[in-house]
Amino acid sequence: MRHLSCFLLCLMRFSAPFAMLAIAGQTLAADLRRGEQIFKQCASCHTLQTNSNGFGPTLNGVIGRNAGTVPNFRYSPAMTEAGEKGLVWDEAALSEFLRSPKSKVPGTSMRFWGFWFQSEIDDVVAYIKANQ
């Protein structure tokens, strides 16, 4: 019995780092379930439904769309101008905006300070993209 306990203890000690590596590898890719949870913060103003604006414009079809161009939504002049100057919401632009909206589009009326962690941004962008 004593040998079995030593064996199990050694097995746990040496296998734990490998288990941690496997978990870390899974978190490197965007996590859609986590993105869905994070998006709940956005859902108070935005929806992913088509033709359904809330306090903010619908985000359905946002990837590939020019900024400030959702019909029947009143954008800030800054967002409209950004779209007219060629800002297209690809993953990189959306990521920059979600990190700091006021840095990406100075004068935006979006009342959100930005996400602190790139992993949160990656997860929510992946969730939005998956639900277009």
Side-chain angles (χ1 to χ4, degrees):
M1 184 70 155
R2 184 168 182 232
H3 294 292
L4 180 61
S5 297
C6 287
F7 172 75
L8 291 175
L9 183 61
C10 288
L11 182 62
M12 287 189 308
R13 176 179 283 165
F14 292 112
S15 64
F18 296 108
M20 293 304 290
L21 284 174
I23 292 168
Q26 290 173 352
T27 60
L28 291 178
D31 183 339
L32 293 178
R33 278 186 270 167
R34 185 168 176 247
E36 181 179 19
Q37 292 300 313
I38 296 166
F39 186 80
K40 288 179 181 178
Q41 296 174 47
C42 311
S44 61
C45 297
H46 297 280
T47 180
L48 288 171
Q49 306 305 313
T50 58
N51 302 322
S52 180
N53 294 320
F55 190 72
T58 180
L59 297 180
N60 187 276
V62 70
I63 306 289
R65 182 170 69 212
N66 278 50
T69 59
V70 169
N72 302 317
F73 187 79
R74 186 174 161 206
Y75 287 96
S76 66
M79 189 62 74
T80 303
E81 183 179 332
E84 290 169 353
K85 289 183 176 180
L87 176 59
V88 175
W89 294 121
D90 58 14
E91 291 178 50
L94 194 54
S95 180
E96 289 175 40
F97 187 74
L98 291 174
R99 170 147 315 273
S100 177
K102 298 210 184 288
S103 293
K104 180 67 177 170
V105 181
T108 184
S109 61
M110 187 160 140
R111 293 183 177 117
F112 175 68
W113 297 104
F115 290 113
W116 288 19
F117 303 104
Q118 188 62 44
S119 63
E120 293 175 318
I121 295 168
D122 294 343
D123 292 345
V124 79
V125 168
Y127 177 73
I128 290 169
K129 188 175 178 184
N131 288 279
Q132 297 280 301

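None of the values given here were measured: they were computed from a predicted structure.
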Exercise. Under 3.5 Å, side chain of D31 to main-chain N/O of A126, donor-acceptor pair present?
Worked result: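 Here the side-chain-to-backbone pair does not exist.
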For this session: Ignoring hydrogens and angles, tell me if any N or O in the side chain of T69 forms a donor-acceptor pair with the backbone of N66 under 3.5 Å.
Result: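 At least one qualifying donor-acceptor pair exists.
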Determine all donor-acceptor pairs shorter than 3.5 Å in which one atom belongs to a side chain in residues 58-65; sequence neighbours excluded.
residue: T58; atom: OG1; partner: T47; partner atom: O; Å: 3.3
residue: T58; atom: OG1; partner: Q49; partner atom: O; Å: 2.6
residue: T58; atom: OG1; partner: N60; partner atom: N; Å: 3.2
residue: N60; atom: ND2; partner: L48; partner atom: O; Å: 2.8
residue: R65; atom: NH1; partner: N60; partner atom: O; Å: 2.9
residue: R65; atom: NH2; partner: T58; partner atom: O; Å: 3.0

Problem set entry | Partner residues of E36 under the side-chain contact (heavy atoms from CB on, under 4.5 Å) criterion, sequence neighbours left out |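 E36 satisfies side-chain contact (heavy atoms from CB on, under 4.5 Å) with Y127 once adjacent residues are dropped.
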Problem set entry | Sequence neighbours excluded - salt bridge (charged side-chain N to carboxylate O under 4.0 Å, His left out) pairs with any residue from residues 38-60 |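 For residues 38-60, and leaving out neighbouring residues, there are no salt bridge (charged side-chain N to carboxylate O under 4.0 Å, His left out) pairs at all.
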For this session: Could you list all the salt bridge (charged side-chain N to carboxylate O under 4.0 Å, His left out) pairs where at least one residue sits in residues 100-112, not counting sequence neighbours?
Result: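 Matches after skipping sequence neighbours: E96-K104.
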Problem set entry | Spacing of R74 atom CZ and M79 atom CE [to the nearest 0.5 Å] |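 One gets 14.5 Å once the value is rounded to the nearest 0.5 Å.
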Exercise. How long is the gap from CG on L98 to CD on E91, to the nearest 0.5 Å?
Worked result: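 Between L98 CG and E91 CD, I get 11.5 Å after rounding to 0.5 Å.
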Problem set entry | Test side-chain hydrogen bond (donor to acceptor under 3.5 Å, both in side chains) applied to S95 - qualifying residues, sequence neighbours left out |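 S95 satisfies side-chain hydrogen bond (donor to acceptor under 3.5 Å, both in side chains) with Q118 only.
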For this session: Apply side-chain hydrogen bond (donor to acceptor under 3.5 Å, both in side chains) to S109 and list each qualifying residue two or more places apart in sequence or on a separate chain.
Result: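 side-chain hydrogen bond (donor to acceptor under 3.5 Å, both in side chains) list for S109, sorted by chain: empty.
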Any idea which heavy atoms bring [X] and [Y] closest together, and the distance?
X: L87; Y: A93; value: CD1-CB, 4.0 Å
X: P101; Y: M110; value: CG-CE, 4.2 Å
X: F115; Y: Q41; value: CE2-OE1, 3.7 Å
X: A82; Y: V105; value: CB-CG1, 4.2 Å
X: R34; Y: S119; value: NH1-OG, 3.3 Å

Problem set entry | Side-chain hydrophobic cluster, 4.5 Å single linkage: members besides W116 |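 Reading the cluster by chain and number, W116 sits alongside F117.
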Exercise. Which pairs, with at least one residue in residues 50-86 and sequence neighbours excluded, count as a ring-ring contact (aromatic ring centres under 6.0 Å, His included)?
Worked result: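 Of all non-adjacent pairs touching residues 50-86, those that pass ring-ring contact (aromatic ring centres under 6.0 Å, His included) are F73-Y75.
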Exercise. Which of these, L32, I38, L94, sits in a side-chain contact (heavy atoms from CB on, under 4.5 Å) with V124?
Worked result: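 One option only clears the test, and that one is I38.
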Exercise. Can you pull the side chain to side chain donor-acceptor pair (under 3.5 Å) pairs that have at least one residue in residues 80-89, sequence neighbours excluded?
Worked result: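 Non-adjacent pairs meeting side chain to side chain donor-acceptor pair (under 3.5 Å): E81-K85.
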